[in-house]
Every structure is written in C-alpha cells, then in structure tokens.
Amino acid sequence: MHTYIGIDLGTSGVKLLLVDAAGNILAQQTRTYPVSYPQSGWSEQDPEAWFSAVMDGLAALNAENVAGISFGGQMHGLVALDKEGNVIRPCILWNDGRTEKETKYLNETIGRETLARETGNIAFAGFTAPKLLWMKENEPQNFARIAHILLPKDYLAYRMTGKFVTDYSDASGTLLLDVRNRRWSRKMCSICGVSEDILPQLHESYEAIGTLKEEIAHKLGYGQVTVCAGAGDNAAAAVGMGVIGEGGCNVSLGTSGTLFLSGKSFAEDKRNALHSFCHADGGYHLMGCILSAASCNAWWSENILHTSDYAHEQAGLEEKTGKNGVYFLPYLMGERSPHNDVNARGVFLGMRADTTRGEMTLAVLEGVAFALRDCLEAARACGVTASVTNICGGGAKSPLWRRIVANVLNMDVRVPETEQGPSFGAAILAMAGCGEYATVKDAADRIVRFRETISPDRAVAEAYEKKYLVYKSLYPALKGIFPEM
C-alpha cells in the first residue's frame, strides 16, 4: 500500500506525518527551530532552518512506499530569493509587526475599496504586500536583488523540486492575489513595485508540481515521489477536518480562534471583517480570526488564578450555562475579526458583590464563544452559513467549552476521532494529487471520522441568544474608550 507524507511548517517547529491511503497514522516526527526578534515587534526566521529540520524529520520517519508529499504552512511570510535561488534576507513572518506604516498606506491612501476590488481583502500588518513595501523603503539594495518571492512552505517545495510555485489558498494571504478570479493582480504588483514574473506559478493545492529531486529521494531511500503544492495552514487543517465544499464549517479553539466556512463560490465581506480566501479543495472560504481564544483561558487560569487544573476550575459550571450575569470581552491582544481594532482590550463586566470565581471562569469561555458568534454573523451577512461545525484546538478538549460553543452558535458540533491539523490535511492533498482518490472531497469523506456530535440544548441556546444581544452591544459602547487606555 502506498504511503503519503504531510508536512506542517509551523512557526515554532515542523511536524511530519506518515499515513497510509486509509488515513492510518504510521509515524510522525517533530522538529523545532528558533524565531529571531531583531527589534521589538519584529519576527524573522532562517528558511534554511526549515529545510534542515524537514530533511532530518524525513530521515527519522523511515518511510517506505512513499507515493506523495504535500504541505501545510504558516502563511504570509516573505521569502525573497535572488536569481541564483539564494535567500536574500531572513523571512519576515506572519506575526511581524513592523509594517504599521505600510498597512496604513495601503488601507487609507490606496484605499480599502481598491484593495477589496483587486484582492477581495484589506491590508493587515502580517500580510506579504506590506512587507514588500517595507523592504523597498528600508532595504532597497536587498529589494533590488529579488528574483523570486515565495511563501514559507513554497520554499520547501522549491528545495525539494526546484520549482517556484505556490497554491491559491496561501497566495490569498499575500494581498497580491485577485482571489475571485484566481490570478495575480497586476495593479497590486505595480503598487508594491514588483513584476508579476517574480511571483510563483499558481496551482490548486492538490495539484502535482513535480517530483522529489533525485538526490534527495536517493538519500532517503525513496523511489519516484510526487510533490503536491499544499496549502496555507488554516486551509490544510480544514481539509484534515473534512471541511470541504458548500456549507463546511470548522471552529478552532487554539491560542487564537478561527471560524472557517467553506463554499463553492467566492463571497466577499463588504465590511472587511472576514478574510475571503481560496480554499484547498478548489473552492473558496471565509475565515474569521479572533486573536485570543484558548489563550484567554490560559491567562485567566494560570496568570490570575494561578492554577493549571482547568478541569477543576470548570467542574460544576454546566448548570450555570445561559444563566451567568458576568460578561467577558476576549480582546487581550486587540481584535481582528470582526472589529479590526488593535486598541481593543479585555473586559469583565457585570460583576456583583456575590459574583463567584466560577462565574468569571464561565464568562471567559462564553466570551470567546460569543466572539466566534460575531464571526458567524458576519459570514451570514455575506450569505454564507452552515448547519453543523467541526471543532478542534487545545480549547476543544474541554467538554464544557464544546457544549458552550454548540449552544452559542446554536448548531451541532462534531469532534474528530483524531486531530492532526495541517499535516493530516497535507497528506490528504497528496493522496488526491497522486490519484489515490479522485478528489480532495472523496479522500476526506473516506478518511475523516468523528467520535462525538454535540447538539445544542434548546433552552440553553435560547438563553444564550438573549445574552448575545447584550454581548454584541458592549464593544460599540466601549470602542471610544479603548484608545484612551
């Protein structure tokens, strides 16, 4: 039986997963690498460290009968190569904050309407286009040397195949792609001072882009191995969760939180509250991102209550769901979706003399769920919705939090049997690209399985509906105060 390798290139490390055609996990390896912070708010990495870590991990997998390899990867990073294919400077990462000036220029001088028309999105500091403008202004000699621009996972594909390619999902986060029409935007290239021919060739995430270089295959003991384009981390994770086609939905309760809705047609959020990106299955998706999710619970439990026993803190709170008088705005790092407000702050509101520790703990979990509901309402305003959602991430290990999400969103919540994130989705993309399955959907339908479905409790859901009306009035009431803080 053929085997497939999914590579998840993260910010702190890379995870490699070896699976068979039935989706059984045969082996996995993780390797870490450092992040450099040369100045306050800057975040960089050496692409060579990625490749070295991947090669070390591949050797340790001891894989046999490998038919295909694909990737999921951290998005938005700027990898600039010269005409010999050498890295010009360290990659500027997705969480780098140096481009405030450039982001403001794009959104205010070029204008949000122009950006939305050309790309389907507005500028965020982490996107690739503002980084190009920063490099042009601050490192003109390096900028002049650029012959190729790649995203992080695409650098791995280049080192493995010699091809300069990317996929539509990852390219969507550059602010250089016309997402609706799945092509590079000439206007955005002109604005950023780059020619279209230095951008990578575009592919669907599941498409084969070449074969593994003979010297690498020989070193690893492989035969001929097909390499597929792969996807941005959120799109790859969605594939691994079976969120494909019309009406697919996934909630992630990681450090940050996301609401990912897939569809067959392009949908633009006119309010710019959500990202409008291409999906790895050949369709599209809307994605809302809240900057603090499970990190809110970690902050509250560990920093404030000085405990890491989350289960103990949540014990007995289910009977209070829908009845809690305390509210929490989870904006500990500012907020992206739907408010796009760097000044927003975390807030507890509604405490009384008899308010308990448990009610405040519950308010934190509810506040994150309400923030995800904000993203769902923004998607519904775009005509995109779903009747069931999958759930993943560290916060989803909490049975209480899963039930709160089901009741706040008022939809069934499905828990997967196994959660391996972008690496599993990447392996599924490799299977589709190698013809093991006819389509990405066929592969996911056969491979992705769920162990539990949580349905909303009608009475609790109705109570949360009333609480949500209060919750969504809080940010507008406090918006003007936050900058003064």
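What you see below is based on every heavy atom in this structure, not just the backbone, and it leaves out hydrogens, waters and symmetry mates. Note that this is a predicted model, so its numbers are computed, not measured. Along the sequence shown, residues carry numbers from 1.
The number of heavy atoms from other shown groups lying within 6.0 Å of CH2 (Trp401) is above 12. The local environment of CD in Glu215 is crowded, with over 12 non-hydrogen atoms from other residues, nucleotides or ligands closer than 6.0 Å. Heavy-atom neighbours of Glu417 CD from other residues, nucleotides or ligands within 6.0 Å: above the threshold of 12. Heavy-atom neighbours of Glu113 CD from other residues, nucleotides or ligands within 6.0 Å: at or below the threshold of 12. Counted within 6.0 Å of NZ on Lys441, heavy atoms from surrounding residues, nucleotides or ligands total 12 or fewer; the atom is thus considered open. Heavy atoms from other residues, nucleotides or ligands lying under 6.0 Å from CD of Glu48 number more than 12. Heavy-atom contacts from other residues, nucleotides or ligands closer than 6.0 Å to CD of Glu64 number 12 or fewer. Sparse packing is recorded around CE of Met333, with 12 or fewer heavy atoms of other residues, nucleotides or ligands lying under 6.0 Å away.
Counting heavy atoms from C-beta outward, Lys101 and Tyr105 have side chains that stay 4.5 Å or more apart. Side-chain contact check for Asn250 versus Cys392: some heavy-atom pair is nearer than 4.5 Å. Looking only at side-chain heavy atoms (C-beta outward), Cys249 and Leu259 come within less than 4.5 Å of each other.
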Evaluate the criterion side chain to side chain donor-acceptor pair (under 3.5 Å) for residue pair Ser43 and Asn95; output intermediate values, then yes/no.
-> CA-CA 7 Å; Ser43 180; Asn95 56 353; 2.9 Å; yes

Show the numbers, then the answer: is there a side chain to side chain contact (heavy atoms under 4.5 Å, CB included) between Met241 and Phe424?
-> CA-CA 9 Å; Met241 291 289 292; Phe424 194 58; over 6 Å; no

Tell me, with the steps shown, if Phe164 and Gln201 meet side chain to side chain contact (heavy atoms under 4.5 Å, CB included).
-> CA-CA 6 Å; Phe164 297 105; Gln201 185 181 47; over 6 Å; no

For Cys382 and Leu286, what are the C-alpha separation, side-chain angles and deciding distance, and is it a side chain to side chain contact (heavy atoms under 4.5 Å, CB included)?
-> CA-CA 9 Å; Cys382 302; Leu286 285 176; 4.0 Å; yes

Worked verdict on Leu78 versus Met135 for side chain to side chain contact (heavy atoms under 4.5 Å, CB included) = CA-CA 10 Å; Leu78 173 59; Met135 193 172 172; 4.0 Å; yes

Evaluate side chain to side chain donor-acceptor pair (under 3.5 Å) for His339 paired with Tyr331, printing each intermediate quantity in order.
-> CA-CA 10 Å; His339 306 306; Tyr331 309 144; 3.2 Å; yes

Report the C-alpha distance between Lys153 and Asp167 in whole Å, list the side-chain angles of each, state the deciding distance to 0.1 Å, and finish with yes or no for salt bridge (charged side-chain N to carboxylate O under 4.0 Å, His left out).
-> CA-CA 10 Å; Lys153 75 172 191 338; Asp167 80 293; 2.8 Å; yes

Please walk me through it: do Glu268 and Lys270 pass salt bridge (charged side-chain N to carboxylate O under 4.0 Å, His left out)?
-> CA-CA 6 Å; Glu268 180 184 344; Lys270 298 294 185 182; 3.7 Å; yes

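Between Arg31 and Asp56, the shortest heavy-atom distance links the atoms NE-OD2, 2.5 Å. The two atoms that bring Leu429 and Ser70 nearest to each other are CB-OG, 4.0 Å, heavy atoms only. Taking both residues in full, the closest heavy atoms of Pro152 and Cys91 are given as CG-SG, 4.3 Å, listed atom of the first, atom of the second, then distance. Closest approach of Leu115 to Ala123, counting heavy atoms only: CD1-N, 3.7 Å. The two atoms that bring Ala280 and Val440 nearest to each other are O-CG2, 4.3 Å, heavy atoms only. For the pair Ala63 and Ile5, the tightest heavy-atom approach, listed with the atom from each and the gap, is CB-CD1, 4.3 Å.
Taking OG1 of Thr174 as the start and CG of Leu132 as the end, the distance is 8.5 Å to the nearest 0.5 Å. Here the OG atom belonging to Ser172 is positioned 10.0 Å from the CG atom belonging to Leu151, to the nearest 0.5 angstrom. Of the inter-residue distances, the one linking Ile146 atom CD1 with Glu139 atom CD reads 9.5 Å to the nearest 0.5 angstrom. Annotation: the span from Phe71 atom CZ to Leu156 atom CG amounts to 5.5 Å, rounded to 0.5 Å. Note that the CG atom of Leu16 and the CG atom of Leu58 stand 5.0 Å from one another [nearest 0.5 Å]. Separation of atoms CD1 (Ile290) and OG (Ser337) is listed at 9.0 Å; rounding is to 0.5 Å.
Of the possible donor and acceptor atoms, one in the side chain of Thr128 sits under 3.5 Å from a partner among the backbone N and O of His76. Between the side chain of Thr30 and the main chain of Lys15, no donor-acceptor pair closer than 3.5 Å is present. A donor-acceptor pair under 3.5 Å links the side-chain atoms of Tyr437 to the main chain of Ala21, judged by distance alone. In this structure, Asn121 contributes its side chain and Ser276 its backbone to a donor-acceptor pair below 3.5 Å. Put simply, the side chain of His2 never gets that close to the backbone of Ala67: no donor and acceptor are under 3.5 Å apart. At least one donor-acceptor pair under 3.5 Å links the side chain of Asn138 to the backbone N or O of Trp134. Ser423 places no side-chain N or O within donor-acceptor distance of the main-chain N or O of Leu17, the cut-off being under 3.5 Å. Although no hydrogens or angles enter the test, the distance criterion places no donor-acceptor pair under 3.5 Å between the side chain of Asn107 and the main chain of Gly111. Thr109 places no side-chain N or O within donor-acceptor distance of the main-chain N or O of Leu106, the cut-off being under 3.5 Å. With hydrogens and angles disregarded, no donor-acceptor distance shorter than 3.5 Å links the side chain of Thr226 to the backbone of Gly68.
A cation-pi arrangement is found for Arg182 relative to Tyr284, the charged atom lying closer than 6.0 Å to the ring centre and inside a 45° cone about the ring normal. Both tests hold for Arg336 against Phe124: distance to the six-membered ring centre under 6.0 Å, angle to the ring axis within 45°. Relative to the six-membered ring of Phe266, Arg180 misses at least one condition, a distance below 6.0 Å or an angle of at most 45° to the axis.
Taking a cutoff of 4.0 Å between a charged side-chain nitrogen and a carboxylate oxygen, Lys187 and Asp178 do not qualify as a salt bridge. A salt bridge is absent between Arg414 and Glu452; no separation between the charged side-chain nitrogens and carboxylate oxygens falls under 4.0 Å. Residues Glu118 and Arg186 are not paired through a salt bridge, judged by the lack of any N-O separation under 4.0 Å between the basic side chain and the carboxylate. Taking a cutoff of 4.0 Å between a charged side-chain nitrogen and a carboxylate oxygen, Glu419 and Arg451 do not qualify as a salt bridge. Salt bridge annotation for Arg89-Glu44: present, with a cationic side-chain nitrogen under 4.0 angstrom from a carboxylate oxygen. Ion pairing between Glu377 and Arg373 holds under the 4.0 Å rule for side-chain N and carboxylate O.
Side-chain N/O atoms of Tyr4 and Glu436 include a donor and acceptor closer than 3.5 Å. Side chains of Ser455 and Asp412: a donor on one and an acceptor on the other come within 3.5 Å.
The side chain to side chain contact (heavy atoms under 4.5 Å, CB included) test with Ser252 is passed by exactly one of Leu372, Asn234, Thr258: Thr258.
Ring geometry for Phe127 versus Phe277: interplanar angle of 30 to 60°, hence tilted.
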